[in-house]
Amino acid sequence: MRAEEQSANCPTASGDIEPAASSTLLASLNERQRQAASHGEEALLIVAGAGTGKTATLAHRVTYLMASGTDPGRILLLTFTRRAASEMLRRVDSIMRAAGLSGAGSSAGSTIWGGTFHSVAVRLLRLHGRDIGLEPDFTVLDRSDAEDLMHVARTELGLGQAGRRFPQKSTCLDIYSRCVNTCASVDHVVGSAFPWCKDDIDALKELFALFTDHKEAQRVLDYDDLLLFWHAMLSQQATAERIQSRFDHVLVDEYQDTNVLQAEIVSLLRPDGTRVTAVGDDAQAIYGFRGATVRNILDFEKRFPGAEVVTLERNYRSTAPILDASNLLIAEADERREKHLYTERDGGARPTLASCQDEAEQTDYLVERILGHREQGTLLREQAVLFRAAHHSAHLEIELSRRNIPYIKYGGLKFIEMAHVKDLMAFLRLAENPRDLTAGMRVLGLVPGIGPKTAADAMQTLAASDADFESWVSLRIPEAARGAWPDLVTLMRGLAGAAPSDLPAQVHAIRSVYAPLLELRYDNVDARLRDLEQIEALASRFGDRSRFLAEIAIDPPAYTQDLAGPPLLDEDYLILSTIHSAKGLEFDVVYVIHAADGNIPSDMATGTPEEIEEERRLFYVACTRARNDLYVTWPLRYYAQPFGMSDTHGYAQRTRFITPAVRHAFAETLARPEAEFESAEDAPPITTTADVRAGLKRMWT
């Protein structure tokens with residue numbers, strides 16, 4: 001259906017909204033937000049400062065387009081997380097209902113093309129991939145599996161066995177990914193971001209070629225391939241026209257987080273530069289380590305000449321003193337889009353800058369403030385401790401446990417990276433794509449008695465039989481494996497023949513066979529089995545097996561509660577998080593810890609001016625998470641051994657981002673002020689320098 005045709009979900013057939021409907025639809029927005037939501041067809045960049053209602057504005061923009069006559073099935077909404085896409089579509093439906101514009105039939109959420117760049121890429125590649133020689137039955141490798149396949153290629157080439165150090169699989173994948181996402185050569189990426197690998201450039205090129213060959217042979221794609229192949233389809237005129245004709249409007253959330261490849265994809269989707277909307281904030285561009293570049297949002301008008309820029313500056317989150325400090329902080333950036341956040345909230349105290357003698361004193365100070373705010377009525381879960389690196393909270397975590405203060409930490413091991421979850425996913429991946437060597441080796445390796453050679457032979461047999469698991473029935477296996485082998489073969493035959501949509505039943509069948517194998521391999525069995533039960537209960541939400549595998553791989557949850565809701569740890573719990581993981585969140589009280597040079601900015605990210613500027617933006621993101629109270633702490637003394645078990649120490653400087661100008665916006669304090677004497681009578685005798693010198697002379701006379 002074309003944009004000018006009336007959709008069953010759209011209230012009008014014309015391109016104009018009736019005045020009464022328009023007034024109702026945009027009634028909750030401020031003037032700048034309404035300007036952005038009701039924009040015409042020219043390219044639009046919405047520069048949305050922290051807490052200025054970015055999500056509400058974009059959701060109203062989508063709703064306005066639908067109410068103007070655009071078929072929701074012809075709107076493409078690109079986000080960076082599955083949760084963000086779901087929340088956006090939920091809001092669209094809510095706005096439509098509130099304005100009395102909901103039509104008969106399905107909701108917008110089920111018809112709009114909404115999702116992450118990678119999930120949309122999967123859908124389009126399954127539809128059009130054959131145009132570039134890609135069969136639609138591919139599976140998607142998650143980060144860990146891609147590392148494992150990289151390691152296979154690394155081992156085959158004998159790298160790391162030549163008597164000298166060679167980059168590990170994770171570093172190799174980082175280099176490969178950076179090359180793809182920034183469209184740069186291995187030589188450039190290694191020289192700029194991995195200089196310690198400069199002697200390995202030729203070997204890395206050979207490794208990446210073999211890695212690519214393995215993926216092709218196994219019909220698997222990694223994260224980076226999804227974008228690369230989508231871009232390739234858009235670079236082929238006939239395919240590009242078919243994809244472009246699907247969408248009348250393209251909207252991109254968090255545009256500042258796009259990499260070179262993603263920005264190119266957006267351009268190719270709308271080559272005439274019209275009907276594209278991007279929302280973002282250059283001051284929150286903090287994902288350079290993933291290949292994202294702030295240049296995309298700074299240079300938006302160069303990519304889309306004639307684009308209109310609407311800047312949102314009214315903040316609905318923080319108090320005025322917090323915004324004053326944040327504005328001063330980001331004003332010192334070398335290059336930025338000009339904006340000044342303000343609020344209509346009254347009151348609020350200046351943010352606190354607390355210097356501490358050492359990490360132990362910082363921990364004591366934090367716990368006292370956390371419990372103090374709790375007693376004043378602020379729940380623990382409305383308080384967050386933010387830090388640059390995950391290990392910065394180690395000392396605090398020990399003290400929280402000692403004091404029985406429950407907490408949850410973001411930024412650690414992902415749920416999808418846990419061994420038992422990867423095992424279950426491997427069963428499904430192997431059933432979906434029997435050529436997936438990584439999944440097959442993992443599944444077979446679970447069976448007692450089966451080693452790498454037997455597993456490799458089994459996978460070769462499977463490939464020779466045209467992926468028929470019946471070939472495993474007569475396979476010669478070690479005696480130790482014969483007890484579990486029949487059940488495994490029966491399971492895989494059943495999964496291969498199952499209807500892809502019957503996903504919960506497939507997960508249940510896997511659990512039945514896998515549970516006794518899990519008990520032999522891992523500790524904390526009960527907790528692990530409960531994780532698998534939860535996956536089965538939630539599997540029905542994802543539709544068929546192929547979609548489930550793709551969605552989980554490209555947008556993995558941090559833990560099972562990401563799928564089910566808040567963690568059931570206690571009646572309340574404190575939030576600990578890396579700053580990167582806290583982006584997009586907000587809390588009543590925020591504590592930014594270890595604000596000392598070397599930590600903020602990280603000493604690993606000060607090699608170039610661009611890296612330092614990104615670290616400044618990272619600190620800005622941390623400060624703008626706070627609604628009511630903001631504390632920034634920094635220990636003066638750092639001990640060489642953890643938890644102060646050694647006298648070896650060094651001294652730190654306050655973060656360079658709190659300059660004299662910024663410092664005036666903070667209320668400075670000592671974490672533990674010197675004790676004041678009760679009265680003059682209690683004070684010890686005053687010793688003067690003259691007394692000291694006289695005593696020194698008496699030593700020699």
Quiz item: Can you say whether the rings of His580 and Phe289 are parallel (under 30°), tilted (30 to 60°) or perpendicular (over 60°)?
Solution: perpendicular
Exercise. Could you walk me through whether Thr363 and Glu399 pass the side-chain hydrogen bond (donor to acceptor under 3.5 Å, both in side chains) test, one step at a time?
Key: CA-CA 7 Å; Thr363 295; Glu399 185 64 14; over 6 Å; no
Practice problem: Determine, stepwise, if the pair Arg654 / Asp597 fulfils salt bridge (charged side-chain N to carboxylate O under 4.0 Å, His left out). | Solution: CA-CA 6 Å; Arg654 183 184 64 247; Asp597 250 45; over 6 Å; no
Exercise. Tell me, with the steps shown, if Tyr365 and Glu361 meet side-chain contact (heavy atoms from CB on, under 4.5 Å).
Key: CA-CA 6 Å; Tyr365 179 81; Glu361 188 171 287; 5.6 Å; no
How close do [X] and [Y] get, counting heavy atoms only, and between which atoms?
X: Arg627; Y: Glu586; value: NE-OE2, 3.0 Å
X: Asp257; Y: Ala285; value: OD1-CA, 4.3 Å
X: Val621; Y: Ala283; value: CG2-O, 4.3 Å
X: Leu261; Y: Cys183; value: CD1-SG, 3.8 Å
X: Ala184; Y: Val189; value: CB-CG2, 3.9 Å
X: Ala48; Y: Thr52; value: C-OG1, 3.5 Å

Quiz item: Checking side-chain hydrogen bond (donor to acceptor under 3.5 Å, both in side chains) for the pair Glu332/Thr659: CA distance, chi angles, key distance, verdict?
Solution: CA-CA 9 Å; Glu332 299 194 352; Thr659 62; 2.7 Å; yes
Quiz prompt | Over-ring placement of Arg290 relative to Tyr287, 6.0 Å and 45° cut-offs | solution = yes
Ignoring hydrogens and geometry beyond distance, is a side-chain donor-acceptor pair present between [X] and [Y] at under 3.5 Å?
X: Ser393; Y: Glu397; result: yes
X: Thr79; Y: Glu254; result: no
X: Glu31; Y: Gln33; result: no
X: Asn296; Y: Thr258; result: yes
X: Arg345; Y: Asn628; result: yes
X: Asn181; Y: Tyr223; result: no

Exercise. Show your working on salt bridge (charged side-chain N to carboxylate O under 4.0 Å, His left out) between Arg672 and Asp364 and close with a plain yes or no.
Key: CA-CA 9 Å; Arg672 185 170 297 161; Asp364 290 341; 3.2 Å; yes
Hey, is the main chain of [Y] close enough, under 3.5 Å, to the side chain of [X] for a donor-acceptor pair?
X: Thr352; Y: Ala354; value: no
X: Glu614; Y: Glu611; value: no
X: Asn599; Y: Ser602; value: no
X: Thr655; Y: Ile600; value: yes

Self-check item: Non-neighbouring partners of Trp700 that pass ring pair (Phe, Tyr, Trp, His ring centres under 6.0 Å), sequence neighbours left out
Solution: none
Self-check item: Partners passing ring pair (Phe, Tyr, Trp, His ring centres under 6.0 Å) against Phe666 (at least two apart in sequence or in another chain)
Solution: none
Self-check item: Asp572/Tyr407 under side-chain hydrogen bond (donor to acceptor under 3.5 Å, both in side chains): CA gap, chis, key distance, verdict
Solution: CA-CA 8 Å; Asp572 199 7; Tyr407 65 89; over 6 Å; no
Self-check item: Crowding at CG, Asp346 (>12 non-hydrogen neighbours, <6.0 Å)
Solution: no
Quiz item: So with a 6.0 Å cut-off around CZ of Arg693, is the heavy-atom count from everything else above 12?
Solution: no
Exercise. Check step by step if side-chain contact (heavy atoms from CB on, under 4.5 Å) holds for Arg336 and Glu613.
Key: CA-CA 10 Å; Arg336 68 189 185 99; Glu613 286 305 301; over 6 Å; no
Exercise. Dump the intermediate steps for salt bridge (charged side-chain N to carboxylate O under 4.0 Å, His left out) on Asp281 and Lys54, then the final yes or no.
Key: CA-CA 9 Å; Asp281 181 10; Lys54 168 186 69 69; over 6 Å; no
Exercise. Apply salt bridge (charged side-chain N to carboxylate O under 4.0 Å, His left out) to the pair Arg337 and Glu301, showing each step before the final yes or no.
Key: CA-CA 12 Å; Arg337 288 189 174 271; Glu301 296 94 324; 2.6 Å; yes
Quiz item: Out of curiosity, Leu618 CG to Ile579 CD1, how far, rounded to the nearest 0.5 Å?
Solution: 4.5 Å
Quiz item: ring-ring contact (aromatic ring centres under 6.0 Å, His included): which pairs involve residues 586-637, sequence neighbours left out?
Solution: His373-Tyr631, His392-His594, Tyr591-Tyr631, His594-Tyr638
